[in-house]
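In listed order, ligands and their atoms are each counted from 1. Sequential numbering from 1 along the given sequence is applied to the chain's residues.
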Amino acid sequence: MQSLKGKHIVLGISGGIAAYKSAYLLRLFIKAGAEVQVVITPNGKEFITPATLAALSGKPVVSEFFAANTGEWHSHVDLGLWSDLMVIAPATASTIGKMANGVADNMLITTYLSAKSHVMIAPAMDLDMWAHPSTQRNISTLQKDGVEIIMPSSGELASHLVGKGRMQEPDEILRRVELYFSQKESLKGKKILVTAGPTYENIDPVRFIGNYSSGKMGFAIAEEAAARGADVTLVTGPVSLDTACQSIRRIDVRSARQMLDAAEIAFEECDAAILSAAVADYAPEECHDSKIKREKTDGMILKLVKNPDIAATLGAKKKDKVLVGFALETDHEHDNAVEKMKKKSFDMIVLNSLQNPLAGFNKDTNQVCIIKKDGSETEYPAKSKREVASDILDNLEDFFK
Ligand code: PMT
């Protein structure tokens with residue numbers, strides 16, 4: 001299926017080593033059916049040749065204000081009007097700074113300033129440049145201006161230093177572009193609370209009790225709900241994920257107690273809550289102020305006390321709100337899930353089993369069975385967590401009809 005068929009994309013390329021990946025990104029856009037116009041900065045041309053990009057896009061690459069031979073003026077205004085989406089990948093610190101301050105000294109920036117369409121940028125630079133207050137200030141200016149940032153990932157950089165600053169892979173950028181074009185309005189006007197990730201329960205300043213939840217399932221639900229127009233609050237335990245969509249209100253917490261406090265506030269306003277977090281059922285009775293010393297004890301007994309049950313607390317005051325829970329089971333899956341749904345007043349429960357190698361913690365896929373309180377249930381095949389999120393929201397929407 002050509003997910004970008006008929007879409008006009010301006011692909012802006014600025015001068016960083018990640019520009020070599022832009023050729024692959026361009027190829028992905030074209031294969032997905034988009035018509036792509038490349039605009040490249042003078043420095044960008046040092047990293048990748050316009051000939052490669054012109055061959056892949058089937059269009060001459062735009063770089064200068066005037067054509068070299070004819071002196072013909074390239075109209076950035078026309079390009080800005082033509083585009084359904086502008087994607088700048090890589091976006092260097094310099095380009096980001098110019099965008100944030102309106103420094104229109106090259107064709108890419110003038111096109112950006114006259115673009116009527118949504119704009120996404122995929123920053124790429126060295127870790128210290130990314131972390132610099134000036135870059136962060138410019139990024140937050142661009143966010144306020146409505147530019148969508150495809151946050152860089154961590155890894156080895158061109159400098160051989162390791163840290164945050166790598167441009168996201170072309171596949172991920174394509175996914176974000178597809179997400180943008182697939183946005184629906186089916187949850188517009190609805191406020192949705194999503195809990196995600198693990199909780200960490202401190203033992204002392206250096207140790208905690210936690211679990212393997214990565215937050216991927218909850219973040220996928222939050223993203224999909226936002227893509228359907230919902231007003232999303234995401235309460236998340238400690239994870240290493242960025243929120244893809246800027247409209248998501250993200251609240252970072254650590255412990256079950258903190259998650260409960262944040263969830264209770266958001267719940268008051270919301271129409272539905274989807275509780276995908278793997279909340280620790282127990283926490284140490286006491287959190288030591290200083291590190292417990294190994295020499296002081298041959299062994300130790302850690303006394304645990306029960307954590308609050310967030311789902312049951314919200315369930316007790318849900319009134320007409322829709323409450324969706326998860327059940328992560330290892331045995332008697334179905335019966336346990338149904339019992340949990342009743343006990344916690346869920347309207348619907350999403351059962352995933354740790355027995356299934358394609359389901360559960362930290363996987364990119366999940367395999368779920370969705371059971372509703374009226375007894376109906378649907379078993380789904382293993383899918384990406386994003387697709388599972390879509391199935392969950394399709395079922396949730398039934399409650400709003
Ligand atoms: O984050 P990922 O790596 O992507 O993994 C996703 C996941 C496996 C964590 C997710 O799909 C999932 O199953 N989440 C729920 C895990 C869980 O804690 O299940 P449970 O059966 O113990 O809890 C039942 C329900 O009660 C859940 O909705 C849970 O959020 C909620 N709960 C549990 C305990 C507690 N103290 N408070 C709660 O609200």
Side-chain angles (χ1 to χ4, degrees), residues 192-201 209-224 234-241 243 253-264 266-267 272-283 304-318 322-371 373 380 382-389 391-393 396:
I192 298 191
L193 161 68
V194 181
T195 67
T199 63
Y200 286 179
E201 313 297 334
I209 296 175
N211 61 63
Y212 295 110
S213 171
S214 62
K216 286 179 186 171
M217 189 66 250
F219 275 59
I221 295 168
E223 270 181 39
E224 178 63 26
L234 172 65
V235 178
T236 178
V239 295
S240 57
L241 299 175
T243 21
V253 297
R254 185 172 170 87
S255 65
R257 172 61 55 194
Q258 290 170 353
M259 187 173 274
L260 174 67
D261 290 346
E264 273 194 296
F267 192 64
I274 306 174
L275 308 178
S276 72
V279 185
D281 284 315
Y282 292 90
L304 302 179
V305 290
K306 231 178 186 172
N307 261 335
D309 187 326
I310 300 169
T313 311
L314 302 184
K317 50 182 173 187
K318 75 191 244 310
V322 185
L323 193 58
V324 180
F326 269 73
L328 180 63
E329 303 292 338
T330 52
D331 47 66
H332 305 298
E333 284 103 331
H334 188 271
D335 291 350
N336 287 344
V338 171
E339 201 187 313
K340 238 169 229 178
M341 177 165 64
K342 287 186 187 147
K343 220 163 98 188
K344 302 195 187 207
S345 310
F346 291 146
D347 297 285
M348 173 172 120
I349 194 156
V350 182
L351 164 64
N352 45 186
S353 168
L354 272 184
Q355 305 282 17
N356 187 330
L358 294 172
F361 289 132
N362 203 16
K363 306 270 167 48
D364 290 324
T365 54
N366 206 355
Q367 197 269 307
V368 303
C369 174
I370 297 181
I371 308 168
K373 65 179 178 193
Y380 292 88
K383 298 180 179 188
S384 72
K385 282 190 171 160
R386 185 55 192 254
E387 290 169 307
V388 172
D391 291 334
I392 293 169
L393 291 176
L396 172 70

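The two residues A262 and V253 make their nearest non-hydrogen contact at CB-CG1, 4.1 Å.
At least one side-chain heavy atom of L193 sits less than 4.5 Å from a side-chain heavy atom of F267. Considering only heavy atoms from C-beta on, M217 comes within 4.5 Å of I392 through its side chain. The side-chain heavy atoms of E201 and S255, taken from C-beta on, include a pair separated by under 4.5 Å. You'll find the side chain of L351 stays beyond 4.5 Å of the side chain of K340, heavy atoms only. Side-chain atoms of K216 and N362, non-hydrogen and from C-beta on, do get closer than 4.5 Å to each other. You'll find the side chain of D281 stays beyond 4.5 Å of the side chain of K306, heavy atoms only. Residues Y380 and I370 are in side-chain contact: their nearest non-hydrogen atoms beyond the backbone lie under 4.5 Å apart.
Screening D391, L328, N366, V324 against V350 for a side-chain contact (heavy atoms from CB on, under 4.5 Å) leaves a single residue, V324.
No N or O atom of Y212 sits closer than 3.5 Å to an N or O atom of ligand 1. At least one N/O-N/O distance between A311 and ligand 1 falls below 3.5 Å. Not a single N or O atom of T195, backbone or side chain, sits closer than 3.5 Å to an N or O atom of ligand 1. Taking only nitrogen or oxygen atoms, main chain and side chain alike, K363 does not reach within less than 3.5 Å of ligand 1.
Of the protein's heavy atoms, N352 ND2, 2.9 Å lies nearest to atom 13 (O) of ligand 1. For atom 25 (C) of ligand 1, the closest heavy atom belonging to the protein is F326 O, 3.0 Å. Scanning all protein heavy atoms for the shortest distance to atom 37 (N) of ligand 1 gives I310 N, 3.1 Å.
In the vicinity of G325, heavy-atom distances shorter than 4.0 Å reach the ligand 1 atoms 28 (O). Those atoms of ligand 1 that come under 4.0 Å of a heavy atom in G215, given as number and element, are 1 (O), 2 (P), 3 (O). Short contacts between ligand 1 and K216, defined as distances under 4.0 Å to a heavy atom of the residue, involve ligand atoms 1 (O), 2 (P), 4 (O). For ligand 1, the atoms sitting less than 4.0 Å from at least one non-hydrogen atom of S276 are 9 (C), 10 (C), 12 (C), 14 (N), 15 (C), numbered in the order shown with element in parentheses. The ligand atoms of ligand 1 that sit less than 4.0 angstrom from a heavy atom of N362 are 2 (P), 3 (O). Annotation for ligand 1: atoms under 4.0 Å from non-hydrogen atoms of K385 are 2 (P), 3 (O), 4 (O), 5 (O). Proximity to D281 (heavy-atom distance under 4.0 Å) selects the following atoms of ligand 1: 34 (C), 35 (C), 36 (N). Taking every heavy atom of M217 and a limit of under 4.0 angstrom, the matching atoms of ligand 1 come to 4 (O), 6 (C), 11 (O).
At distances below 3.5 Å, at least one donor-acceptor pair connects side-chain atoms of K363 with backbone N or O atoms of P357. Side chain of T236 to backbone of G197: no donor-acceptor contact under 3.5 angstrom is found. Checking side-chain atoms of N211 against main-chain N and O of A280 turns up no donor-acceptor pair under 3.5 Å.
For atom 18 (O) of ligand 1, the candidate residues are A256, A278, G315, A273; the nearest heavy-atom contact is made by A278. With atom 21 (O) of ligand 1 as the reference point, the heavy atom nearest to it among M259, E329, K340, K344 is part of K340. Distances from atom 17 (C) of ligand 1 to the heavy atoms of A277, A327, G360 show the closest one on A277. Distances from atom 28 (O) of ligand 1 to the heavy atoms of L354, V350, L275 put L275 nearest.
The shortest heavy-atom distance from G197 to ligand 1 is not under 4.0 Å. At a 4.0 Å cut-off, at least one heavy atom of D309 sits close enough to ligand 1 to count as contact.
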Worked check of side chain to side chain contact (heavy atoms under 4.5 Å, CB included) between N352 and F326 | CA-CA 8 Å; N352 45 186; F326 269 73; 4.1 Å; yes
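The parts of S214 lying near ligand 1 are both backbone and side chain, judged by heavy-atom distances below 4.0 Å. Under 4.0 Å from ligand 1, the heavy atoms of P308 that appear belong solely to its backbone. Both the backbone and the side chain of L328 come within 4.0 Å of ligand 1, counting heavy atoms alone.
Side chains of T365 and Q367: no donor on one and acceptor on the other come within 3.5 Å.
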